[in-house]
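These notes concern the structure reproduced below.
Starting from 1, each residue takes its place in the sequence as its number. For clarity, every value in this text was computed on a predicted model and none was experimentally measured.
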Amino acid sequence: MTGVFIVLISVAVICWLIVKKFYPAWSLFVVGIVTIAIVAAISGDPVATGKKATGFIGFDILGIFGGLLQSRAGGLGMNIMIIGGFGYYMNKIGATSALVHVCTRPMSLINSPYIIMVLGYVVGQCLNVVLGSAVGLAILMMVTVYPLMLSAGVSRQAACASVVMTGGFGISPLGANNIVASKLTGIHVMNIFVDYQLVIAPVTLIIVCIVHYFVQQYLDKKDLASGRITQADFIAKDLSDTDKSEKAPGFYAIFPLVPLVFLFIFSPLVYKGIKLDIINAVMASMVITFVIDCAVRRDIKTSFAYIKTFFEGMGKIFSSTVVLIVCAETFAAGLTRSGGIQTLIEAASNLGSGYLIVYTIMFLIVGLCTFVMGSGNAAFFSFAPMIPGICQTVGGNAQWMLTGMQLSSGCIRSMSPIAGCVIAAAGLADISPFEIVRRSALPMLTAFVVIYIMSCTLV
């Protein structure tokens with residue numbers, strides 16, 4: 001039971017640090033290495049053996065982080081960085097904004113305000129397949145779709161809820177969570193997207209749209225009658241200055257989709273004759289986009305200068321996402337070494353449907369940590385590496401477990417008042433994050449339950 005106690009204390013400490021707004025990545029690192037040190041002191045077992053042993057326990061503990069950094073930065077980390085850099089480049093040349101405008105154009109033909117609100121949410125969810133950042137997507141939606149929702153006749157609270165909910169399902173094949181899951185299970189990212197995520201996400205999306213429609217309509221009427229909101233809450237302010245991207249031709253909307261097209265065509269789903277990894281898919285897309293941009297812009301020097309955004313974006317993704325993954329895995333290593341996780345697994349395996357009990361526990365832990373941390377990635381990265389080992393012990397399908405945890409963590413993030421996407425939307429709309437969470441909570445909790453039920457039946 002000592003191991004279980006250590007796990008509970010470690011999780012409680014990391015949650016407290018995040019609530020107090022300590023830097024998440026370093027918080028995970030510190031709690032992870034302290035946990036490893038405590039376990040080593042209690043058990044007396046060496047932290048490292050063989051060639052990995054340095055002769056000093058302090059260096060051995062830090063060596064766990066160093067080894068993870070070396071292995072992740074060159075493989076998984078490079079995939080994530082290059083995708084992030086591509087996203088920054090798409091924003092710089094205006095391709096992302098062009099894609100949003102193309103997707104939202106049909107919405108102007110509809111007269112029902114809450115239908116427009118729901119469609120705005122669906123459009124954002126579809127854009128989430130292409131865009132990897134929940135915060136970036138929220139800001140983009142606030143500049144483009146948010147004013148359209150308000151002009152149709154919904155409140156800014158309802159519109160902001162729609163915006164933050166767009167990051168609810170992280171179903172992009174190019175998403176960091178997908179890449180991590182692919183590395184853990186050995187399944188191609190497109191197979192994860194098509195064979196797993198698209199089994200759960202569409203059904204959940206339909207249910208969420210129905211709940212979202214009635215919840216926002218009800219709360220708008222109720223809050224307006226009670227005086228909680230006024231007619232001023234139905235008027236949008238100009239957010240055009242927030243959009244720093246260039247105005248691009250409409251056909252630029254195709255460019256963000258090119259890596260997905262390449263990965264789909266040259267995957268086990270379509271054509272196996274050519275093996276295309278994420279890096280080559282993104283670089284091919286970069287070259288195609290660059291050549292066309294040079295021809296359209298007729299200013300080669302500017303086109304060359306904009307490529308710098310790609311590499312700057314890679315650096316930003318390294319500091320925000322890759323480092324977070326490595327620190328989260330260090331934290332996970334501490335939990336694993338404590339033996340507490342294994343104790344819980346063995347206890348569940350002695351019960352009927354042991355895998356279901358373990359999955360439920362992991363599902364709820366990831367959801368709770370996501371709410372407290374305000375980050376779906378931090379929670380998922382911390383616990384995902386344990387899933388393949390758990391499945392080997394208690395049975396079940398590792399990818400279905402990972403899919404359920406991944407999708408649910410995105411939903412809970414959309415109802416966390418400290419999530420970046422919620423804070424960004426609240427700041428631009430000039431309302432409290434808690435007002436947004438009040439509106440997004442019921443639709444996202446509904447999604448959380450639906451995802452759990454569906455994934456349980458498939459695990």
Side-chain angles (χ1 to χ4, degrees), residues 1-81 176 180 183-184 314-346 362 365-366 369 372-373 375 377-390 393:
M1 289 301 293
T2 301
V4 176
F5 180 75
I6 291 174
V7 168
L8 294 175
I9 293 296
S10 298
V11 172
V13 170
I14 195 65
C15 290
W16 182 84
L17 290 172
I18 299 300
V19 167
K20 294 298 182 180
K21 298 185 178 181
F22 283 71
Y23 176 44
W26 194 246
S27 299
L28 289 163
F29 169 79
V30 170
V31 175
I33 62 171
V34 169
T35 302
I36 293 170
I38 291 173
V39 170
I42 293 174
S43 67
D45 296 332
V47 174
T49 57
K51 294 182 179 180
K52 294 183 178 180
T54 64
F56 175 59
I57 188 172
F59 293 152
D60 288 343
I61 293 173
L62 294 176
I64 294 174
F65 173 82
L68 288 169
L69 182 61
Q70 288 178 342
S71 63
R72 295 295 180 250
L76 170 67
M78 185 58 63
N79 284 335
I80 295 171
M81 285 189 289
V180 170
K183 293 292 182 181
L184 291 172
M314 289 181 65
K316 292 176 181 178
I317 294 299
F318 176 81
S319 63
S320 64
T321 304
V322 177
V323 169
L324 180 62
I325 291 174
V326 177
C327 291
E329 288 190 320
T330 304
F331 172 69
L335 299 185
T336 302
R337 286 169 178 263
S338 72
I341 300 295
Q342 186 62 31
T343 299
L344 293 174
I345 294 171
E346 290 174 354
M362 297 297 289
I365 288 175
V366 170
C369 290
V372 173
M373 297 178 182
S375 169
N377 283 352
F380 183 78
F381 295 155
S382 298
F383 296 98
M386 304 176 188
I387 297 301
I390 289 174
T393 303

With side chains defined as the heavy atoms from C-beta onward, is the minimum distance between [X] and [Y] less than 4.5 Å?
| X | Y | answer |
| --- | --- | --- |
| I14 | L28 | yes |
| I387 | I390 | yes |
| P46 | D60 | no |
| V47 | F59 | no |
| E329 | V180 | no |

Identify the heavy atoms of [X] and [Y] that sit nearest to each other, and give their distance.
| X | Y | value |
| --- | --- | --- |
| P388 | P385 | CD-O, 3.6 Å |
| M314 | M81 | CG-O, 3.2 Å |
| L335 | F383 | CD1-CE2, 3.8 Å |
| A25 | C327 | O-CB, 3.1 Å |
| A384 | L184 | O-CD1, 3.5 Å |
| A333 | I64 | CB-CG2, 4.3 Å |

Distance in Å, F331 CZ paired with S27 OG, rounded so as to fall on 0.5 Å steps
10.5 Å
First locate atom CG of L68, then atom OG1 of T330, and finally report the distance between them rounded to the nearest 0.5 Å.
5.0 Å
Should I6 and I42 be marked as a side chain to side chain contact (heavy atoms under 4.5 Å, CB included) after you check the CA-CA gap, both sets of side-chain angles, and the distance that decides it?
CA-CA 11 Å; I6 291 174; I42 293 174; 4.1 Å; yes
OH of Y23: more than 12 outside heavy atoms within 6.0 angstrom?
yes
Which of parallel (below 30°), tilted (30 to 60°) and perpendicular (above 60°) describes F22 and W16?
tilted
Without swapping roles, check the side chain of R337 against the backbone of A40 for a donor-acceptor pair under 3.5 Å.
no
